[in-house]
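Below is one structure, written out as structure tokens, with a few remarks after it.
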Amino acid sequence: MKPFAYLRPTSVQDATAAYATHPGSLYLGGGTNLVDLMKHGVETPATLIDLTRLPLHALQELPDGALRAEAGVSNTDLAVHPLVRTRYPALSQALLSGASGQLRNIATTGGNLLQRTRCPYFQDVSKPCNKREPGTGCAARDGVHRDHAVLGHSAHCIATHPSDMAVALAALDAEIELYDGEHGTRRVPAAAFHRLPGDHPERDTVLRPGEIVTAVLLPPPAPGSVSLYRKARDRASYAFALASVAAVLALDDGRVRHVALAFGGLAHRPWRAAAAEERLTGAVPTDEVVREAVDAELAAAVPLPGNAFKVDLARNLARDALAALIRSASGNPPAPHRP
Ligand SMILES: Cc1cc2nc3c(=O)[nH]c(=O)nc-3n(C[C@H](O)[C@H](O)[C@H](O)COP(=O)(O)OP(=O)(O)OC[C@H]3O[C@@H](n4cnc5c(N)ncnc54)[C@H](O)[C@@H]3O)c2cc1C
Ligand code: SF4
């Protein structure tokens with residue numbers, strides 16, 4: 001690992017001021033992703049700004065019923081909080097489906113959102129990669145790309161975003177709170193926080209240089225809504241999603257009053273399924289209607305030679321998830337589910 005300077009600010013203002021005087025520094029959360037990338041030579045910051053001493057560890061309900069989880073809250077603490085378990089099961093399930101208990105104890109909410117892709121060519125500095133080194137090419141396109149994107153990819157990058165948590169946040173209409181010394185605080189919808197690769201795959205998110213994720217805000221759930229997260233992967237645990245889905249549903253007199261669907265493992269960002277949601281909203285959600293809605297969303301998929309299976313996988317996950325929520329929202333017991 002290359003030598004680097006190490007700073008330990010104790011306030012958000014000091015952290016962004018430290019970035020201003022050391023541009024190009026990297027922020028450090030739990031380090032479970034960043035330190036690995038530094039060991040592989042993928043990230044070579046001259047300065048690391050450790051955020052773990054910032055006062056960003058609160059998880060609290062706001063007067064309007066929203067839940068505010070600060071960026072330093074661990075993945076474990078967020079997943080097991082009683083309000084998260086009861087009001088936002090999709091978020092709790094997504095977090096608990098990721099990594100391992102030890103990693104979740106250390107990994108932070110901010111770091112989870114900003115973890116980098118698991119594309120093996122990105123992690124191997126001997127291979128061309130437009131994300132790691134713009135203009136060098138994409139080794140995955142003609143290489144092994146079984147795990148890569150089927151939606152929204154570009155000629156420059158076909159990587160997927162790895163976070164399970166981010167998929168649940170997108171479906172739950174969460175917002176990401178950001179701070180920098182120049183612009184102050186702003187909020188970005190979780191579904192718009194990560195980018196598609198386009199011509200600039202080196203930019204994963206809409207974060208400005210030096211900006212810090214300070215919190216995640218979850219609005220009160222839609223009245224009567226139910227939610228869940230389903231993930232398909234090569235192993236039953238300790239594996240990233242091949243495809244996943246977060247779904248939220250509320251019914252009124254047998255018709256869909258509210259639905260939100262987001263896919264993970266399919267694109268460079270959590271993929272909010274707007275076409276499917278539009279077809280489902282106001283409809284009686286029969287099997288046929290659900291199938292047509294999910295098919296309409298996945299019609300946009302452009303699979304690569306090695307990953308066409310992901311489209312069927314995502315279709316089945318989404319139909320299964322919606323069927324389970326429809327049963328639950330109708331007051332029926334859930335059908336048995338094999339994870
Ligand atoms: C073996 C293994 C298996 C895994 N499996 C899964 C899985 O199945 N699903 C899943 O979702 N994840 C999985 N992960 C990833 C894990 O969830 C992430 O490594 C973790 O969430 C990152 O959080 P961190 O706090 O350690 O981030 P760090 O490693 O500290 O940082 C990650 C990035 O975020 C930036 N950053 C950190 N905090 C902030 C902030 N507040 N503001 C701005 N930038 C910030 C850092 O600069 C860095 O670029 C796995 C990891 C490992 C090692
Ligand atoms: S898919 Fe993206 S991250 Fe992977 S090698 Fe290509 S450019 Fe790099």
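Given the structure is predicted, the values throughout are model-derived calculations rather than measurements. For the numbers below, each heavy atom of this structure counts, side chains included, while hydrogens, waters and symmetry mates do not. One-based numbering, in listed order, for ligands and for the atoms of each.
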If hydrogens are left out, which of G264, S244, G111 has an atom nearest to atom 32 (C) of ligand 1, that is, the closest non-hydrogen atom?
G111
Proximal atoms of ligand 1 relative to S163 (non-hydrogen, under 4.0 Å):
11 (O)
From atom 8 (Fe) of ligand 2 out to just under 2.8 Å, does an N/O/S atom of C129 turn up?
yes
Checking heavy atoms under 4.0 Å, the part of N75 that sits near ligand 1 is side chain
For ligand 1, does L56 get within less than 4.0 Å through its side chain, its backbone, both, or neither, judged by non-hydrogen atoms?
neither
Between ligand 2 and H145, can you find any atom pair, the residue atom being a heavy atom, that is separated by under 4.0 Å?
no
Heavy-atom proximity to atom 25 (O) of ligand 1 ranks first, among L103, I106, T108, for T108
Ligand 2 versus H156, non-hydrogen atoms closer than 4.0 Å: side chain, backbone, both, neither?
backbone
Taking only non-hydrogen atoms of G110 and a 4.0 Å limit, the atoms of ligand 1 in range are 38 (N)
How does M38 reach ligand 1, if at all, at less than 4.0 Å between non-hydrogen atoms: by side chain, backbone, both, or neither?
neither
I'd like to know if R233 contacts ligand 1, where contact means a heavy-atom distance under 4.0 Å to any ligand atom.
no
Checking contacts here: is it the side chain or the backbone of A241 that comes within 4.0 Å of ligand 1, counting heavy atoms only? Could be both or neither.
neither
Looking only at protein heavy atoms, what sits closest to atom 4 (Fe) of ligand 2 is C119 SG, 2.3 Å
Under 4.0 Å from a heavy atom of N33: give me the atoms of ligand 1 that qualify, with their elements.
19 (O), 29 (O)
Between P162 and ligand 1, find which residue part has any heavy-atom pair under 4.0 Å and reply side chain, backbone, both or neither.
backbone
